Structures are given as structure tokens and as C-alpha cells.
Novice: 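Right, I'll just put the structure down here and ask away after.
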Amino acid sequence: MSSPSIAVVIAPGSNREGEAARAVRLAGGQAEIVPIGTPLDRFAGVILPGGFSYGDALGGGMRWALQVGEAVAAFADSGRPVLGICNGFQVLVRAGLLPGSSDGAGSRSVTLTGNAHGRFACRWVSLAGAAGHAAGLDGLLPPVIACPVAHGEGRLAVRDAEALDALAAGGRVLFRYVEGTNPNGSVGDIAGLCDERGLVWGLMPHPEDHVSDLQNPFPDRPGRSGLALFEAFVNRARSI
Amino acid sequence: MTVERRRVYLLADHPGDEVLEALCSTVLADTVVEEATVQHGAPPHDPHRVEVGFLPGVTDTEARELEAVIVQLGGPPVAAATVRVYRIEGADEATLADLARRRWANASIERWAVGELPAPFAPAPPEHARVETVPVTALDDDALAELSRRRLLSLDRTELRTIASFYAAEGREPTDAELETLAQTWSEHCNHKTFRAEISFTHREADGSVRSVESIDGLLRSHLRAATDAVAKPWVRSAFVDNAGIVQLDERWDLAIKVETHNHPSALEPFGGANTGVGGVVRDVIGVSARPIACLDVLCFAPPDTPAEAVPEGVLAPARVAEGVVAGIGDYGNKLGLPTVAGAVVYHPGYLGNPLVYCGAVGILPHGAHRTGPRPGDLVVVIGGRTGRDGIHGATFSSAELETDTAAVAGTAVQIGDPITEKATMELVCEARDAGLYRALTDCGAGGLSSAVGELGAPTGVEVDLTTVPRKYAGLAPWEVWISEAQERMVLAVPPEHLTALHELGRRWDCEVTAIGRFSEDGRLRVRHGGAPVVDLPMDFLHDGCPRRSLVAEWREPAVAGGRVADVTVQSAGGLLLALLRQPTIASKADIIATYDHEVRGGTVVRPWCGPEAAGPSDGVVLVPHECWEDGEAAFALGVGVNPRYGRLDPYRMALAAVDEAFRNVVAAGADPDRVSLLDNFCWGNPNLPDRLGALVRATQGCHDAAIAYQAPFVSGKDSLFNEFDGVPIPATLLITALGVVPDRRHTAQAWPRAGAGALFLVGETRAELGGSMYAELVGEDGGSVPGPPAGDPLVTYRALHRAIGAGLVAGVHDCSEGGLAVALAEFALAGSLGLDVSLASDGLRRDELLFSESNGRFVVQVAAGAEEAFAAAMPDGTAWRRIGTVSAADAVLRIAVDGETVVEEGVDVLRSAFEGGPRIGAYA
């Protein structure tokens with residue numbers, strides 16, 4: 001079976017690229033960590049990892065989004081999958097790739113903003129794939145993935161109730177925090193989004209930090225690793 | 001009263017309509033939850049608001065990013081600045097000014113105004129190339145002392161006299177920069193004069209009679225290094241020589257570790273002080289060619305509920321200090337992508353005017369990768385951040401006592417951190433190391449370029465031209481460039497043929513690389529500003545010319561109050577246990593831990609918390625470096641020991657206890673007791689006073705004896721002296737950090753019990769040692785004897801426990817520290833959300849001693865299912881152990897019986913709510 005090549009694109013201040021690359025390798029892919037501006041044509045998938053690009057000085061992922069938004073949009077338009085984690089998810093939202101659709105700049109209705117409690121939060125959460133999502137992950141993931149979040153600006157907020165309804169109705173909600181583990185006050189316990197094509201995925205938590213039993217702090221609850229998400233991503237990249 | 005907050009971005013010029021539109025709709029305002037308005041020209045006066053902005057020269061990273069984004073959007077280069085606005089409808093000027101002073105602004109880095117601040121875009125001042133000559137040769141001692149005070153040199157009369165004589169012999173007067181260079185290099189912070197001093201020490205009994213008189217040939221040499229030499233561990237790669245200690249991890253990799261303090265800056269500006277404290281210690285680790293991989297932090301604050309009227313003028317409220325320090329630590333480590341994993345928070349009223357912030361970092365490097373030998377002809381290359389007026393006099397400032405007006409005098413001593421620049425620096429150094437592009441490096445810490453260049457060039461000689469040093473802004477005097485402690489800079493010795501390759505790395509990582517001079521072979525430090533000479537000193541005078549101090553120390557054993565309050569009763573014991581769990585020093589730190597990214601790098605396998613609800617406090621933590629994830633089984637453990645409550649009564653035993661605590665923490669997590677390294681960090685008062693120095697002598701004696709007893713070398717250490725506020729010293733505080741190698745990452749242990757596993761054991765002996773305990777403090781007595789060395793040979797016990805963990809005989813283990821056995825049992829129970837049935841025999845001890853005594857060398861162990869006999873057999877002769885109970889099958893209640901009578905019976909939910917009822921970081925706003 002072929003081993004698709006995945007670009008893990010970094011900006012100054014990215015910091016979870018090593019774990020993302022490790023997760024890709026464990027999932028059967030090849031990972032290459034590349035800086036902004038690297039041509040993406042030769043890759044089968046793109047991951048934007050976590051971190052604090054440019055210090056997030058103008059808001060999480062803002063400056064990075066201005067830099068990579070177009071290239072990543074073109075990559076996804078070519079039918080290849082994109083995964084944004086944490087800061088990478090913020091980039092995809094700020095660049096308008098998530099939740100996607102005709103909702104262009106200036107009329108954005110979904111954002112990731114400061115945690116409701118006002119502080120950075122690093123704690124373990126439980127994630128479950130959302131019903132009816134467009135990414136086609138049903139049956140590919142364990143019922144619950146346990147992994148940490150680590151962010152200060154991860155609260156998913158919407159302009160109004162219609163925007164929230166539209167997310168669910170359009171299959172754009174990819175992950176929800178299992179009840180009681182929402183770490184930031186995200187509306188509808190939303191932890192991750194995908195676009196209508198199911199090609200662009202984004203989430204705040206860090207499944208790449210739980211890919212081995214050694215990393216599981218709850219040995220009494222095994223089988224909740226995040227590796228399956230990377231396997232699904234690598235397989236999607238392989239199938240293109 | 002609602003406070004309305006706004007962010008204001010000031011632009012010196014119009015960036016163009018299109019750019020302005022993009023800024024308002026996308027970049028600066030998140031239009032889903034925010035709105036933006038544009039104001040051209042000065043805003044109308046609004047008396048109900050306060051504007052807060054940075055002082056000139058303070059790094060404004062947000063503005064810098066904004067300037068970059070405007071250009072990226074196709075706009076012209078435009079200067080930007082940021083301002084925070086606080087508005088309260090109808091509030092009067094006095095109210096607003098009071099809030100601004102106490103809450104919103106910090107005068108050491110910011111300016112504020114009710115209404116509007118003046119525009120920040122002043123024209124750049126002209127370049128300032130003046131080098132002054134400072135006459136010293138004709139001054140008498142008083143005039144020299146006055147000069148030292150006025151210029152913040154922190155030099156004593158003998159040192160000043162030595163300098164004056166040197167220049168008299170040279171037939172000239174020093175330049176301002178030379179005087180500053182000598183003051184920095186000879187500062188307590190850089191030169192550790194107290195730890196090198198000859199000390200005449202008198203040890204007295206409580207009645208004043210002399211117990212012993214001793215002449216000590218330097219505390220560092222006689223007590224700390226002597227212990228490292230005596231235990232002679234082959235896996236120590238570097239101890240006390242480099243910027244960080246280096247020890248072997250496995251066949252291929254070494255670990256570097258360093259712990260520093262950043263107390264005085266954190267007292268003035270908690271966020272920036274702690275922020276740059278982390279940045280500084282991380283650079284120390286980069287400075288031995290290691291990639292930083294973890295951070296630890298130990299904080300000492302006054303209690304958060306200290307009443308406002310008890311806070312002296314010029315001192316920030318303890319809650320504000322705690323809030324800012326915790327945020328500053330988290331911000332830097334999180335943005336660098338380093339897990340902040342270990343630490344402690346100690347609360348005591350003695351830290352009110354002088355909080356303590358210990359910052360530590362661990363790094364990893366291939367064995368033998370650190371290079372330390374510059375050669376004549378190599379280039380002096382500075383990389384990373386630019387130089388500004390920030391952090392002038394940090395080294396000498398930290399060697400002086402804080403006074404009420406320090407904040408006003410030392411404003412420029414506070415730096416602001418820029419972790420993204422530090423990250424670029426770190427990436428560049430790691431790649432340059434692997435490519436062999438430098439022959440030596442060091443970080444720019446205290447003393448700035450003067451220390452870094454002076455130190456790197458010591459074996460050869462060096463010449464630099466200050467006009468080539470990249471500046472943040474114009475107008476710096478040459479001596480300011482030379483001693484500025486602007487952050488995120490490193491200095492490398494680079495063979496000229498590698499400069500191009502280094503520039504290439506600089507472009508890749510967005511990190512400025514500048515050659516500023518060349519190593520010579522004349523043994524002199526020569527600094528010029530273009531053609532003008534600034535410094536010309538022989539290296540031997542700079543580095544060896546500082547006269548050794550002779551100090552007098554005296555320790556008088558305290559008279560311990562004889563009377564003891566009545567023993568605890570069946571009625572009082574449970575309530576006392578809950579009260580102890582609520583004590584801020586013991587109570588849960590989960591809120592703080594959650595603001596630190598302790599998961600990044602994906603290698604944290606024993607976390608600072610534990611248990612199915614993530615509610616339990618861990619002992620040590622264990623990390624697997626990303627670099628050797630797929631390579632072998634090695635990991636490492638970190639633990640800390642700190643207990644200033646013992647110090648007042650017995651600093652010698654405080655040291656023993658701190659070593660034991662740090663050591664047993666890493667052993668409890670899975671470290672091999674024969675692979676533990678120690679670090680010593682002393683925060684003390686003024687060492688020129690014999691009582692302060694006497695306590696320091698006793699503490700270093702304790703360090704020495706403990707290191708020998710545990711066969712654990714000291715590999716690094718640091719002292720921060722003069723921690724006094726208006727003449728009152730802080731509690732003498734010794735932090736011991738332990739770094740232990742975990743030979744097999746699959747065999748670690750955690751501090752929570754499992755349902756279905758085996759019985760509970762107590763390993764170690766409980767004695768009548770309530771002196772300085774949390775219990776004694778709670779009930780208001782001295783408590784008698786401070787915990788002494790564990791009975792028998794602790795190393796034999798710890799080795800046995802380590803073997804038992806490796807053999808899978810241990811289901812859970814938690815050490816006994818503050819609050820004693822009862823608190824350890826309560827924490828163990830709440831960590832596992834399981835009840836415990838414990839039965840103790842008094843064996844001649846009072847109940848309070850049995851429950852709350854803080855005797856060293858003890859662990860609560862739950863053995864694995866069916867492992868009871870095997871565990872008992874694994875305990876060696878001479879080790880005290882006994883089976884003390886079981887995990888309750890029936891209910892979630894902690895029951896402790898003494899001689900058959902139940903004295904504690906508390907629900908685990910009650911224990912947990914007490915434990916989580918301590919101070920909440922983040923509640924302050």
C-alpha cells in the first residue's frame with residue numbers, strides 16, 4: 001500500500017509540528033515539515049499544526065491566515081484533504097476555509113475567540129464525531145477520542161442562532177466535546193468543523209498528543225487514542 | 001460598575017483605504033463578536049476613560065506584527081502602537097486614577113492617563129555616541145561609595161578601591177562603559193561573591209555558648225562542589241562549569257538542566273518579570289547547545305487574602321503578583337512550545353514585599369555536541385532580538401535590596417519577553433550545532449553583551465564594534481548598548497567561513513544574525529564605537545581581579561517554645577485535616593497547572609495531576625523526549641523540594657528535607673535512585689549580615705551531607721541574595737530540584753489508588769517531628785523538632801521501592817510531605833475517588849504526630865493485586881514498613897483509626913472540596 005506524503009506546514013511560532021508528523025508516520029503516511037511558501041503540489045495532504053504563529057499577536061492564526069489562506073484553499077480545491085489543529089484550525093476559520101461555503105470575508109458568521117473563562121486551558125477532553133458530518137468519518141473513529149486541549153482562543157462562537165443551525169444542517173460540525181468536557185464555552189459543545197465537501201477538517205483539541213498508550217493518563221479507560229483520526233486522514237490522502 | 005474595554009491601534013499615517021478596510025473587517029476586529037471604528041486624528045476628550053500604553057522603548061509585539069501585516073496587505077510602512085482603553089460611564093477622575101494605578105496599568109512598563117495619552121510617535125532621537133570618563137582615582141572611600149550608589153553599581157568599598165588602584169596604575173580614569181562592565185562582571189548575580197567568599201563561621205547553642213568555630217574556604221567549593229566530587233558519578237557530563245548542568249540520559253543523548261530566579265523583576269512587573277525569567281533560563285539551556293524540552297517553576301507569594309491595608313506602599317497586592325507571574329510563565333512556555341510540567345507554590349506572609357519566582361528548564365543534546373572553545377579569528381556573532389534600553393542594570397539591580405522607591409529608580413530593569421523570537425533563536429542554534437557552524441556560544445543574560453562577550457572571549461581576547469549591534473531604536477549611549485539586557489539574544493563564536501551558512505539559517509528561521517566583532521589573541525576586552533574606544537581591559541583583571549570577600553557568619557540555634565497544645569481528639573482531627581487541605585500551600589494547584597501547556601511535545605507520561613478525575617496532585621513528573629521517542633526506553637523525571645517553614649528553626653534540616661523531598665518525588669515516579677542529579681537554588685537575605693549568612697552556611701552544610709547520603713551530585717545551582725524589603729529578609733528559601741533518569745518509560749508510578757488492586761503500606765518511619773510543619777503553623781506553635789534524616793539508609797529503601805515499581809508490584813504511590821501522613825492519605829484517596837480504611841498503631845507517638853508529622857523518607861504505597869507478600873519481601877532490612885490498610889470496597893470515605901479508635905472519617909467528596917477550596921488563580925481582575 002502506498003504511503004502518501006503529507007506536508008506539515010509551519011510558521012514562526014508553530015510548535016506541535018513534531019507530534020503531528022509523528023502521528024502521520026504512525027498512521028502509515030510520510031510527513032515532511034515545511035515552511036510557509038513551500039509549493040504544495042507534490043503533497044497528498046496538508047496539515048496546519050498547533051502553536052502560536054507570530055505569537056498570535058493579532059488574534060489566533062490571523063497573520064498566518066493572510067499568508068497561507070490562498071495556497072491552502074487552492075490545495076483543497078484540487079480535491080486533496082487539509083487538516084488544521086488548534087492554531088491551524090484558527091487559520092482555516094480566519095481564512096474562510098471553515099466552515100466554508102459562500103460565506104466570504106466580511107460576512108463571516110463563525111469564529112474562534114477567547115475562552116469563556118478568559119484563560120489558557122490545558123486539560124484532557126473527550127471528543128465524539130458529530131452526527132451527520134460531511135467528512136465521512138463515521139465508523140472510522142472510536143466512539144470517543146480522549147486528548148488534551150491547549151489554547152486560549154478556542155471558543156467557537158456564531159453570529160446568531162441561524163448560523164448555528166446552518167452549521168449542523170450543512171454537516172459542518174465535525175466534532176463535539178462530550179458533555180461535561182467543554183473546556184472553553186464553545187457554542188453547542190463544538191470542537192471541530194469541516195467544509196461542505198468534507199475535505200477541510202479543523203479541530204481545537206490535540207489528537208496528535210494521544211497516539212500511544214503511554215500517553216493515556218487514564219489507563220482504566222483504554223482504546224480512546226486519536227491515532228484513528230490520522231489514519232482516516234492518511235487514507236483519504238492516499239485515495240485521491 | 002461596568003468596565004468597558006477596548007483595544008486601540010494607533011497608526012502614524014493612513015495605510016490606504018483598502019488596507020484600512022481589511023484591518024477593520026478582518027485583521028484587527030473579529031466581526032462575529034466585535035466591531036471596529038476608525039478615528040482620524042485625535043479623539044474627542046472623554047473624562048470617563050483611562051488610556052494605558054507602553055512606555056517609550058518597551059517592546060510592543062502587537063504593534064510590530066501590525067506593521068508587518070500592513071506591508072503584507074500591500075500598504076506602505078507605517079508606524080503602529082497599541083493602547084488599552086478602560087471606560088466606566090460616569091466615573092470620576094479620582095476613581096479612574098486609582099483603578100489605573102492598582103489594576104489596569106503598571107508604571108514600570110506602562111504610562112496611563114485619564115482621558116487621552118499623548119501620541120506615541122516621537123521622532124527618533126539622534127544617535128548618541130558619547131563615551132564619558134568617570135574619575136575614580138582621586139576619590140576617597142565615601143566618594144567611591146556614593147558613585148556606586150548613584151550609578152547602581154552595587155560594588156563594595158574594597159572592590160571600588162581595587163578598581164581605583166587599577167586605574168591609578170594604568171595612569172588613566174575608567175570610561176562609563178568600563179565601570180559598568182566591571183560592575184556587571186563582578187556583580188553578585190554574575191560572580192557569586194558570597195558563595196566564593198572566605199567565611200568565619202560560629203555556631204552557637206540557644207543559650208549563646210559556642211558549639212563550634214570553623215573557617216570555610218567558600219561555600220560553593222567546600223560544600224556543594226565538594227559533594228559532587230565526592231560522589232563522583234561517571235554520568236555527570238558537566239557540573240557548575242557551563243550555563244547549565246549536563247548529565248547522561250542514555251547512550252546517545254544527554255540532558256541539560258538549569259534553574260534560575262527572577263525575583264526582583266517579578267516584584268515590579270509580575271507578568272514581564274516571570275515571562276523573561278522563563279526566557280532567560282531557557283536561553284541558559286540553549287547556551288549549552290541543548291534543545292529546550294521542558295520547564296518547571298516554583299513560586300513563593302504572600303497569602304492571596306492579605307488585607308489591602310497590610311500591603312506597603314510601592315508593593316503590588318499579592319493576588320496581583322500571583323496572577324501576573326502565573327500568566328507570564330504560561331505565556332512564555334506555551335508560546336515556545338515547551339511543556340511546563342513541574343513546580344510548587346508556597347504561600348507565606350514573609351514574601352509580601354519580595355515574592356520569589358524560580359524558573360527552570362531542561363534540554364536535550366546529542367552526547368558531546370556542546371562546544372566551548374573559540375579561536376582567535378573567529379567572529380563574534382549576535383543572533384536573535386535587537387538591543388534596546390530594556391533591562392539596563394538587571395544584574396546589579398538583583399544584587400541590591402528592594403526599597404519602596406525601587407520601582408521608580410529601576411524602571412529600565414524590567415524587560416518584556418518575545419517568545420517567538422526566542423523560538424527562532426532556539427531552532428537556529430540547534431541547526432547550527434548539528435551543522436558545526438560555531439565553536440562556542442553563550443546566552444545574553446545578566447549584564448547583556450558585556451557579560452556574554454567578556455565571558456566567551458576570556459580565554460583569547462576579543463574586540464567588538466558597538467555600531468554594528470542591531471538596535472530597536474536610535475539614541476542609545478554606547479554603554480547602554482553594551483550592558484542592555486534586552487531579551488532573546490545569544491552570542492556565538494563563528495569561524496568566518498561559516499558566516500554565510502549561518503545567515504542562511506537566519507533567513508530560514510526569521511532570526512537576525514549579525515557579526516559584531518572578532519576573537520583576538522591579546523587577552524584583552526576591547527570595545528569601540530566606530531573609531532571611539534569604549535572599553536579596553538585585560539581579561540585577567542576583569543575575570544580574576546575582583547577581591548575575594550571575607551565574611552562573618554553566625555548561627556544561633558533558636559530557643560524552641562517548650563509548651564505544646566493539647567493533642568488532637570476524635571472530635572478535632574477531621575476538621576484539622578480539612579483545614580490543612582485548604583491551606584494554600586497544600587491546596588490543589590489544578591487551576592494554575594491548567595494554564596500551562598503541560599502536554600506539548602507529546603512526551604508527558606506522568607503529569608503534574610493524576611487520577612481518573614485529574615484531581616490528584618502528583619509527586620514527580622515523567623517525560624519522554626520527542627527526540628528519543630522511537631529509540632530505546634529512557635525517560636526522565638523531575639521533582640522539587642522546598643520548605644521555608646523549616647528554615648527559621650533549622651536551615652540544616654531544611655536542606656536535608658528539601659533534598660529528600662525532591663529525591664523521593666522522582667523515585668516515586670519511577671526514576672532510578674542511582675541516577676538522580678540535584679540543583680540548589682538559594683533565595684536569601686543580605687549575606688553581609690552574620691545571621692543571614694549563618695543560616696546560609698547551615699543550609700549548604702545540609703546540602704553537602706544530603707548529597708553524600710543520597711549519592712546524588714549537585715550539577716548546577718544559583719543564588720539570589722539581598723532578598724529583603726525595607727530591611728526585613730524573606731524566609732530563607734532553598735529550592736532543591738531533582739532530575740532522575742527513568743530507565744524504562746513503561747515502569748512509572750502514579751499517586752492514585754486503583755479499585756481492585758492490593759493493600760496499603762506505609763514505607764518509612766513516622767517520628768515526633770512537627771517542627772515547622774503545616775500543622776504547627778495552623779495551631780500556632782513551633783512544633784519542636786524539624787524533620788531530620790530518615791531512619792536507616794534512605795538510599796537502600798529508595799532502591800527497593802524502585803525495584804518494586806520496576807517489577808510491577810506497585811499499583812500507586814504517593815509521598816508524605818506537607819501535612820504529613822494524613823494529608824498524603826487524603827490526597828491519595830481523592831486522586832482515585834476511592835475510600836481508604838487505614839489503621840495505625842501509635843507506638844508511643846501522639847495522634848497529631850502520627851497524623852501530621854512531616855518526617856522524611858515516607859511513602860504511602862498501594863501494592864498491585866496479589867503482590868502483598870512479594871512487596872513485603874522486597875523491603876530490605878533496616879527499612880521501616882508496615883501494612884496500614886486497604887482501599888475501601890464499600891464507600892468513598894477516608895477512615896483513619898489509631899490503636900483501634902477511628903479518629904478521621906471524612907467523605908472523599910468532602911476532602912476534595914476542601915482541597916479545591918484554596919486560592920483561585922484567575923479570580924483577580
Side-chain angles (χ1 to χ4, degrees), chain A residues 12-19 22-23 25 35 50-59 62-63 65-67 94 105-114 117-124 147-152 157-159 163 183 206 208-212 214-215 217-221, chain B residues 22 25-28 30-34 61-66 68-69 72-73 327 330-331 334-338 418-421 423-424 508-510 591 593-607 609-612 614 624 626 629-630 745-746 750 754-755 921-922 925:
Chain A
S14 294
N15 62 33
R16 270 183 164 87
E17 67 272 17
E19 292 125 276
R22 177 165 71 194
R25 283 195 294 272
F52 287 84
S53 51
Y54 300 101
D56 283 349
L58 301 174
M62 188 65 242
R63 185 172 165 195
L66 294 172
Q67 291 176 326
R94 299 223 185 270
S107 63
R108 287 202 358 246
S109 59
V110 175
T111 192
L112 291 163
T113 187
H117 48 69
R119 295 187 303 283
F120 186 92
C122 178
R123 56 177 78 243
W124 278 63
C147 66
V149 294
H151 59 244
V158 293
R159 185 183 296 284
H206 291 288
E208 74 277 27
D209 282 351
H210 184 192
V211 293
S212 145
L214 203 59
Q215 295 164 316
F218 312 112
D220 49 337
R221 279 169 285 169
Chain B
S25 67
T26 316
V27 177
L28 297 180
D30 184 341
T31 53
V32 179
V33 291
E34 297 176 320
T61 47
E62 207 177 344
R64 195 187 60 197
E65 287 298 307
L66 176 55
V69 162
Q72 196 177 314
L73 291 169
D331 179 78
N334 295 350
K335 287 182 175 168
L336 267 183
L338 297 181
D418 177 7
I420 302 308
T421 298
K423 182 154 195 303
R508 169 149 15 128
W509 290 108
D510 211 1
D591 279 6
I593 293 166
T595 67
Y596 301 155
D597 187 347
H598 49 273
E599 300 282 353
V600 63
R601 291 178 59 83
T604 312
V605 298
V606 175
R607 295 168 173 79
W609 49 267
C610 67
V624 178
H626 191 82
W629 182 264
E630 284 147 27
R745 64 184 71 152
R746 295 163 304 181
Q750 297 193 31
R754 317 289 170 98
I921 289 292

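It should be emphasised that the depicted structure is a prediction, and the values quoted were computed from it without experimental measurement. In what follows, every chain begins at residue 1, and chains take the letters A, B, ... in the order their sequences are listed.
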Novice: Mind listing the closest non-hydrogen atom pair of B:Tyr596 and A:Cys122 along with its distance?
Specialist: O-CB, 3.3 Å
Novice: With side chains defined as the heavy atoms from C-beta onward, is the minimum distance between B:Ile593 and A:Arg123 less than 4.5 Å?
Specialist: no
Novice: Where does A:Arg63 contact chain B at under 4.5 Å (heavy atoms): side chain, backbone, both or neither?
Specialist: both
Novice: Taking all atoms of both residues into account, what is the closest heavy-atom pair of A:Leu214 and B:Arg746, and its distance?
Specialist: CD1-CA, 4.4 Å
Novice: Could you list the residues that satisfy salt bridge (charged side-chain N to carboxylate O under 4.0 Å, His left out) with B:Glu62, not counting sequence neighbours?
Specialist: none
Novice: Taking all non-hydrogen atoms of both residues, which atom of B:Trp609 and which atom of A:Trp124 are closest, and how far apart?
Specialist: CZ2-CD1, 3.6 Å
Novice: For B:Ala424, is it the side chain, the backbone, both or neither that has a heavy atom under 4.5 Å from a heavy atom of chain A?
Specialist: neither
Novice: Which atoms of A:Glu208 come close to chain B, meaning under 4.5 Å heavy atom to heavy atom: side chain ones, backbone ones, both, or neither?
Specialist: neither
Novice: Report which part of B:Lys423 has an atom under 4.5 Å of a heavy atom belonging to chain A: side chain, backbone, both, or neither.
Specialist: side chain
Novice: Please classify the contact between B:Val624 and chain A as side chain, backbone, both or neither, with a heavy-atom cut-off of under 4.5 Å.
Specialist: side chain
Novice: State, yes or no, whether a side-chain contact exists between B:Arg754 and A:Pro219 at a heavy-atom distance under 4.5 Å.
Specialist: yes
Novice: Taking side chain as everything from C-beta outward and backbone as N, CA, C, O, which of these in A:Tyr54 sits under 4.5 Å from a heavy atom of chain B? Side chain, backbone, both or neither.
Specialist: both
Novice: Ignoring hydrogens, what is the shortest heavy-atom contact between B:Glu65 and A:Ala57? Give both atom names and the distance.
Specialist: CG-CB, 3.5 Å
Novice: I need the residue from B:Thr421, B:Asp510, B:Leu66 with the largest number of non-hydrogen atom pairs under 4.5 Å to chain A.
Specialist: B:Leu66
Novice: Side chain, backbone, both or neither: which part of A:Ser14 has an atom under 4.5 Å from a heavy atom of chain B?
Specialist: backbone
Novice: Find out whether B:Pro419 and A:Phe52 are in side-chain contact, i.e. whether some heavy atom of one side chain is under 4.5 Å from a heavy atom of the other.
Specialist: no
Novice: Contact part of A:Pro35 toward chain B, heavy-atom cut-off under 4.5 Å: side chain, backbone, both or neither?
Specialist: neither
Novice: How far apart are the closest heavy atoms of B:Ile420 and A:Gly13, and which atoms are they?
Specialist: CD1-CA, 3.8 Å
Novice: Taking the side chain as every heavy atom from C-beta outward, state whether B:Thr26 and A:Met62 have any atom pair closer than 4.5 Å.
Specialist: yes
Novice: Which pair of heavy atoms, one from A:Leu112 and one from B:Asp30, lies closest together, and at what distance?
Specialist: O-OD2, 3.9 Å
Novice: The criterion is side-chain hydrogen bond (donor to acceptor under 3.5 Å, both in side chains); which residues satisfy it with B:Arg745, sequence neighbours excluded?
Specialist: none
Novice: I'd like to know if the side chain of A:Glu19 reaches the main chain of B:Gly602, judged simply by a donor and an acceptor atom lying under 3.5 Å from each other, with no hydrogens or angles considered.
Specialist: yes
Novice: What part of B:Glu630 gets within 4.5 angstrom of chain A, counting heavy atoms only: side chain, backbone, both, or neither?
Specialist: side chain
Novice: Quick one: what part of B:Leu28 sits under 4.5 Å from any heavy atom of chain A, side chain, backbone, both or neither?
Specialist: side chain
Novice: Heavy-atom distances under 4.5 Å only: say whether B:Asp418 touches chain A with side chain, backbone, both or neither.
Specialist: neither
Novice: Does a side-chain heavy-atom distance below 4.5 Å link B:Asp597 with A:Arg16?
Specialist: yes
Novice: Looking at side-chain heavy atoms only, is the closest gap between A:Asn15 and B:Val600 below 4.5 Å?
Specialist: yes
Novice: Could you tell me if the side chain of B:Glu599 sits less than 4.5 Å from the side chain of A:Cys147, heavy atoms only?
Specialist: no
Novice: By a 4.5 Å heavy-atom criterion (distance strictly below it), what part of B:Leu73 contacts chain A: side chain, backbone, both, or neither?
Specialist: side chain
Novice: Quick check on the interface: out of A:Arg221, A:Gln67, A:His206, who has the most heavy-atom pairs with chain B under 4.5 Å?
Specialist: A:Gln67
Novice: Under 4.5 Å between any side-chain heavy atoms of B:Val32 and A:Val158, yes or no?
Specialist: no
